[in-house]
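For reference, the structure is listed below as structure tokens.
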Amino acid sequence: MGSEKTSVVKGKLSNLLSYDFFAVLPTTLVFVVLLIVPLITEFAYAFSTLTEPFSLGSIIFVLNDPLYLWSFIRTVIYIIIDISIKFLVGLIAAVALRQVKGYKILWGIFLLPYAMPLVPALYVWYCLYHPAWGLINYVARTTGLTSTIINFLGDPSIALYSLIWAHAWRFTPLWMTILLAGLHGIPEEYYESAKIDGATPTRTFFRITLPLIKRYLLLNATLSLIWTSGEFVSIWVLTKGGPANSTHVLGSYAYWYMMAGGNFHVAAAALVCAFPLLLVLMAIFFRILGWR
Amino acid sequence: MVEVRLENITHIYVTGRKTQTLAVKDINLTFPHASFCALLGPSGCGKTTLMRIIAGLNIQTSGHVYFDQREVTPLTPRERNVAMVFQFPVLYEMNVYENIAFPLRSVKVPESEVKRKVKEVAELVGVTHILNVHPSTLDMGSKQKVVLARALVREPNVFLFDEPLTNLDPLGRLEMRSKIKELQRNIKTTMIYVTHDQAEALTLADKIAVMDFGVVVQYDEPTKLYEHPKNEFVGFFLGNPGMNFIQGTLEDNAINFGEFKYDVSDVVEKLKEYGTEFKIGIRAEYVKVSKKPFKGAFKAKCIVSEHLGTSTLLDLKAGDKEFKAKLRITDVKEGDEVYVQFPKEKVHIFNKAGELII
Amino acid sequence: MEIRPEDLAKILAYVTVIIIGIIYLFPIFWAFLSAFKYEADIFNPAALIPTRLTLQNFFEPYFKPIFLQWIGNSFIVSAGATIIVILISVPAGHVLARARSKSYRLLSHILIFAYLFPSTFLIVGFTRLLGTLGLLNSYLGVILAYVAFNAPYVIYLVYSYMFAIPVELEEALLVDGYTKFDILKKLVFPLSFPVIVTGVLWTFMQSWNEVLYALVILNSPELMTAPIGMATLQPGESITPWGTLWAFSLVYSIPPLIVFYLLQQYYITGLMRGAIKAA
Amino acid sequence: MVNVRLERVSKVYNGKKVLNNVDLEIKDQSFTVLLGPPGAGKTTIFRIIAGVEHPDTGRIFFGDKDVTKLPPKERQVGFVFQSYALYPHMTAYDNIASPLKAAKMSKAEIDERVHSIAEKLGISQVLNKLPKEMSGGQRQRVAIARALVRDANIYMLDEPLTNVDYKIRESMRIELKKLLRERGGTIAYATPDPQEAMSLSDYTAVILNGVVEQYGSMEEVYNRPRNVKVGFYFSFPPMNQYPGELVKVGEKTFIDTGSMKVEVTHAMDVLEKVNEKEFILGIRPNQIKLATEPVENPLELELETIVTEIIGSESLVHLKLGDGKMVIHIPSIRRFEPGERLKIAFNQKEVFIFSKATGELVYAPEVG
């Protein structure tokens with residue numbers, strides 16, 4: 001039908017007693033009171049210190065604190081490696097699963113790590129990583145892979161990466177689902193047409209399948225970058241920022257200043273100074289969303 | 001180009017463990033070299049399955065598929081060199097030029113050769129002006145043309161169409177029809193066209209295979225199918241409105257329909273072998289109707305009169321027998337008494353089961 | 001014997017599936033098995049499949065009553081947040097999808113923005129706000145946090161699902177003689193059931209697993225949610241009763257696993273829908 | 001039951017004037033067909049009458065009551081949407097009963113009314129089924145039942161047969177015509193198909209891009225189209241139209257379109273009054289015969305076939321005429337291959353003549 005309809009169902013905000021007003025009121029209240037006000041409060045705290053109401057003291061402190069700088073860098077490392085693991089393992093799993101009979105049931109079972117609660121999932125890796133009675137070290141020793149004990153969470157040089165793996169391990173099944181959903185969404189005719197056009201499986205995958213779901217994957221990848229930048233739980237459960245502060249990220253840095261240090265101003269400043277990173281990632285997200 | 005021959009093709013879809021559905025039963029068809037044949041039938045009659053078997057997307061449960069004299073069953077779709085146009089345009093995420101060149105690149109054709117062929121085919125189909133455009137911006141008609149070009153570029157043995165015009169608007173459909181017809185004539189290739197729309201089949205195809213429940217009911221030229229349907233299904237399926245079928249019993253040498261009779265003295269011997277119940281079939285446009293009585297006519301009442309500009313469609317009733325007549329210009333209105341006659345040369349006689357006798 | 005590419009791909013696929021199965025399923029199996037092991041067997045990695053199992057970790061003195069209270073707290077907080085989120089999100093999602101004027105379209109873009117914004121970055125502002133409202137160390141404080149950070153997603157879910165419901169259906173209701181309030185009851189809630197299930201699953205799971213806000217807002221032991229309580233059994237300082245921790249973890253994992261496997265296909269379709277569609 | 005009148009109704013959507021100063025009256029107890037191509041504004045008119053859409057300017061009257069501001073609830077109209085708009089989660093019974101429940105009718109009366117309308121439409125056996133469990137035809141009948149089950153000021157059907165497979169469309173149309181006649185009341189029926197307009201309507205309103213080009217009895221509009229646009233559209237298949245110039249040869253006068261000369265002496269008395277030189281000739285495809293058939297004062301042409309289009313049991317042959325084309329209608333299946341030459345003829349007295357300047361009808365042939 002040519003003409004787009006301007007139905008009365010599409011309400012206007014003008015008539016206050018209308019259904020539309022009452023439907024939108026609660027969420028607007030939630031949005032303003034529970035999201036905008038905290039945002040403003042946070043800026044207020046960031047641009048003040050324990051003593052003066054308006055000062056850049058906290059901001060300057062944070063920007064000069066090497067621990068903050070490293071926390072920022074570690075966050076960036078964290079989100080990039082995290083998405084890479086999730087994407088690659090998820091992709092391999094999705095492509096492999098589609099070839100296997102009864103992949104729907106396996107898909108459900110493989111979602112187990114994502115279905116179980118977050119904290120126990122992290123504790124699993126705490127036990128596996130344990131230098132003394134951890135399974136990984138035990139298997140490595142008995143099969144003679146390495147003679148020395150690998151202290152996954154104790155050795156500052158690898159603690160962060162052990163953290164990232166535990167976190168990525170838990171969320172990979174979600175990414176397997178995202179990829180399967182993407183592959184699933186492509187009509188069968190594309191594969192049949194490719195067969196008729198004589199394309200080999202690999203050429204079909206890279207020249208036809210991936211381009212079709214490229215935008216969809218990039219959207220979800222950016223979303224993962226944004227959400228994981230707020231990561232806190234894996235640090236709090238497994239290393240508490242240790243050893244020797246080598247695994248602090250933005251979230252844990254702010255938490256520890258807020259709770260242990262009792263200094264909300266520095267915590268707020270730490271978070272506010274990370275907003276540029278968030279805004280850049282969100283800008284990327286909206287640009288991809290706007291693509292054809 | 002190739003002559004496609006199907007030899008007692010049977011195919012059974014096995015879904016889940018037990019459920020088996022018979023899609024196609026013992027089909028024997030030959031699509032002559034460079035002919036344009038249509039597979040016509042209601043949805044679920046097995047026409048698409050047959051096409052997929054020719055393409056090699058499905059391997060038939062039993063029977064043989066020959067391209068000229070070569071058995072192609074073990075070959076993959078690529079090795080059979082078939083081209084297929086689906087219901088919705090299947091275009092890859094690359095510009096029009098790349099889309100058309102894709103099949104050539106899959107078989108490592110030298111780049112200069114690719115360039116020449118794509119240009120030539122784009123010219124033929126009329127998409128030269130949009131070669132470096134991304135397909136998503138094109139309208140449905142142009143998209144199907146690009147798909148057509150991609151199919152043409154490989155000089156396929158056989159062209160398969162799976163209801164390619166369903167998603168086009170009326171104008172685009174008319175244009176695409178003449179384009180396909182034009183292509184078929186000047187590149188002389190075998191084309192097999194699957195559709196449920198009889199008008200499309202009658203418009204395009206040299207020969208039509210009318211299918212129903214997995215079996216080819218009749219395979220012939222359009223006018224032969226229209227004038228001499230093999231059974232009630234074909235008679236009713238083709239033409240709008242479908243052929244009238246009136247049931248009657250044979251009494252000495254005429255078929256009695258209650259209020260009127262139809263003389264069959266010249267063929268009564270032959271009919272006797274088929275028992276006493278018969279159906280006569282006549283197209284609405286061949287029924288003679290007039291307000292004044294005339295020789296050999298019987299009385300009928302007009303219950304509905306529909307004026308359609310080009311003609312008037314009458315619903316006539318004689319006793320409990322109802323049938324339709326289509327006249328050029330008439331002033332017959334609902335409720336009028338009219339005189340009707342079925343011209344002998346336009347009447348077919350079917351047995352009780354609806355199989356054609358005369 | 002020349003292996004056709006398709007068969008090679010098949011073998012490779014099966015091998016990959018097995019490896020991934022080991023990496024992703026074995027650790028969970030091993031961990032939850034520890035809930036039935038004696039303390040000694042846990043510390044002996046060789047005893048992969050222990051010879052003796054026990055249920056002691058599920059009873060006094062290992063399994064303390066406060067554990068059940070913690071799980072109860074988690075339940076109150078998660079269920080509370082989920083109900084509020086659904087009640088305010090479905091109508092909002094419906095109206096925004098039908099929006100005509102610019103203001104609504106702007107509002108929908110802001111909602112997507114809120115959905116993207118990680119909650120961690122508002123922890124200071126939010127807790128100071130709760131402080132001034134006197135809602136610290138209370139169920140309501142945590143519930144408000146979970147509503148604020150989950151509502152945008154559920155609104156977005158309903159908003160995008162509404163485009164699958166033609167406007168004509170609502171107009172037909174009006175023509176039949178109903179008012180616009182009836183549309184919500186007779187049409188929007190019944191028809192968006194799949195999306196509501198996804199919203200419930202999402203909000204419940206997020207709230208059930210959340211740590212930072214619960215940690216900061218709740219500090220008295222009786223009010224703690226399960227994940228926070230679990231941390232007080234923190235390994236490291238003292239010798240942790242690992243058996244107890246895994247027993248507690250098992251009980252804490254039951255609700256999400258049940259909910260997940262019961263509504264699995266909603267869960268998966270929800271995830272598919274949730275993973276922002278390219279279309 | 002009441003007259004429904006639209007006065008100077010206009011509606012703009014996205015900058016496009018969807019309705020342009022529409023004055024239309026749908027007489028009480030009449031069967032009025034709104035004929036026009038998709039997007040011409042037919043649906044918008046129905047939606048404004050039903051109240052699900054407000055006009056930018058103009059007013060709507062039910063009888064002499066101004067209902068422009070009234071919500072749909074208070075207008076009591078029956079509306080069959082083109083997409084049927086059946087509630088997917090309700091059974092056919094509940095769908096049909098919906099307007100009666102909204103009017104708070106007693107359970108018994110609802111039951112009785114729903115079963116009687118279902119009986120008439122032959123859908124009693126699907127009353128407890130959900131829309132997705134029904135065939136297209138059944139869904140359509142449920143939508144019609146929902147509209148007709150109530151006593152409404154006007155029953156509006158928006159292209160009910162468009163998405164029905166054309167093979168069964170004819171029988172559905174006959175059945176619909178019988179049913180709507182029985183129901184009585186004021187009926188408005190929108191369709192893009194000229195044949196439906198011809199077979200169903202008492203009155204026909206031809207609507208082209210938001211303007212009511214002509215309104216009158218069906219015969220009147222078909223035989224005396226007010227202008228070129230109505231002539232072209234209200235004809236199945238569309239009318240062939242050729243601009244041409246008046247030329248005097250001896251005491252005969254012709255209109256020369258460049259590719260053919262048509263004698264119009266018989267229409268001279270009318271043409272002189274208009275004192276214009278340029279005209280547009282209109283010939284309906286079914287007025288053109290193969291040269292083998294008898295035609296009075298014929299104009300014979302031999303043209304080359306472009307393509308033959310077979311529709312149902314009839315054929316449309318597209319022939320090359322100068323740089324344009326001429327479409328002829330043959331009431332049987334005759335396929336002429338592209339390139340084949342064909343001798344055709346038509347009766348020069350049966351030609352429509354429109355003024356080129358205004359497009360208005362100048363001369364219409366007497367009804368043959």
Side-chain angles (χ1 to χ4, degrees), chain C residues 86 89-91 93-106 108-109 157-200 263 265-266 269-270 273, chain D residues 13-14 43-44 46-54 70-91 94-105 110 130-132 139 142-159:
Chain C
I86 294 299
S89 303
V90 174
H94 169 230
V95 165
L96 289 180
R98 298 298 183 228
R100 197 174 23 169
S101 60
K102 286 280 168 299
S103 54
Y104 283 101
R105 205 152 281 133
L106 181 65
S108 43
H109 280 295
L157 267 182
V158 175
Y159 168 82
S160 43
Y161 188 75
M162 278 299 123
F163 293 110
I165 300 176
V167 177
E168 281 90 7
L169 288 187
E170 298 173 27
E171 289 168 351
L173 267 181
L174 295 178
V175 167
D176 284 353
Y178 289 99
T179 67
K180 283 180 72 177
F181 288 87
D182 300 316
I183 291 182
L184 194 60
K185 182 163 59 64
K186 280 184 83 71
L187 203 64
V188 176
F189 267 97
L191 282 184
S192 40
F193 175 75
V195 171
I196 291 176
V197 168
T198 310
V200 164
L263 301 168
Q265 33 91 286
Y266 282 111
T269 39
R273 188 176 301 117
Chain D
Y13 188 79
N14 258 349
T43 307
T44 313
F46 277 1
R47 295 166 57 77
I48 286 174
I49 296 174
V52 291
E53 194 133 4
H54 293 309
L70 282 185
K73 198 168 135 63
E74 269 117 46
R75 297 192 188 202
Q76 284 297 350
V77 298
F79 192 176
V80 179
F81 290 82
Q82 185 179 352
S83 59
Y84 306 149
L86 294 180
Y87 310 125
H89 56 305
M90 291 186 201
T91 62
D94 295 333
N95 261 285
I96 300 171
S98 165
L100 309 178
K101 277 199 197 109
K104 307 245 180 327
M105 233 177 236
I110 291 179
L130 291 175
K132 60 177 183 300
R139 271 199 291 272
V142 170
I144 291 171
R146 179 173 68 187
L148 299 186
V149 76
R150 63 200 296 182
D151 305 327
N153 291 321
I154 179 171
Y155 301 103
M156 297 181 285
L157 297 96
D158 187 3
E159 297 191 32

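Every heavy atom of this structure was used, including side-chain atoms; hydrogens, water molecules and symmetry mates were not.
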Checked C:Thr179, C:Leu169, C:Asp182 vs chain D; the most non-hydrogen pairs under 4.5 Å come from C:Leu169

Which pair of heavy atoms, one from D:Val52 and one from C:Val175, lies closest together, and at what distance? CG1-CG2, 3.8 Å

So which heavy atom on D:Tyr87 is nearest to which on C:Asp176, and how close? OH-OD2, 2.6 Å

Should D:Lys101 and C:Tyr178 be marked as a side chain to side chain contact (heavy atoms under 4.5 Å, CB included) after you check the CA-CA gap, both sets of side-chain angles, and the distance that decides it? CA-CA 9 Å; D:Lys101 277 199 197 109; C:Tyr178 289 99; 3.6 Å; yes

Chain C contacts, top residue of D:Arg150, D:Met90, D:Arg75, D:Gln76 (heavy-atom pairs, under 4.5 Å): D:Arg150

Which of the residues D:Pro88, D:Ala50, D:Gly78, D:Ala147 is involved in the greatest number of heavy-atom pairs with chain C at under 4.5 angstrom? D:Pro88

Residue D:Ser83 versus chain C: region with a heavy atom under 4.5 Å: side chain

Heavy-atom proximity to chain D below 4.5 Å, by part of C:Ile165: neither

Going by the rule side-chain contact (heavy atoms from CB on, under 4.5 Å), which residues pair with D:Val149 if we only count those two or more places apart in sequence or in a different chain? D:Ile96, D:Pro99, D:Leu100, D:Arg113, D:Ile117

Nearest heavy-atom neighbours spanning C:Gly177 and D:Lys73: O-CG, 3.3 Å

Side-chain contact, heavy-atom cut-off 4.5 Å: C:Leu174 with D:Pro71? no

Between C:Lys186 and D:His89, what is the shortest heavy-atom contact and its length? O-NE2, 2.8 Å

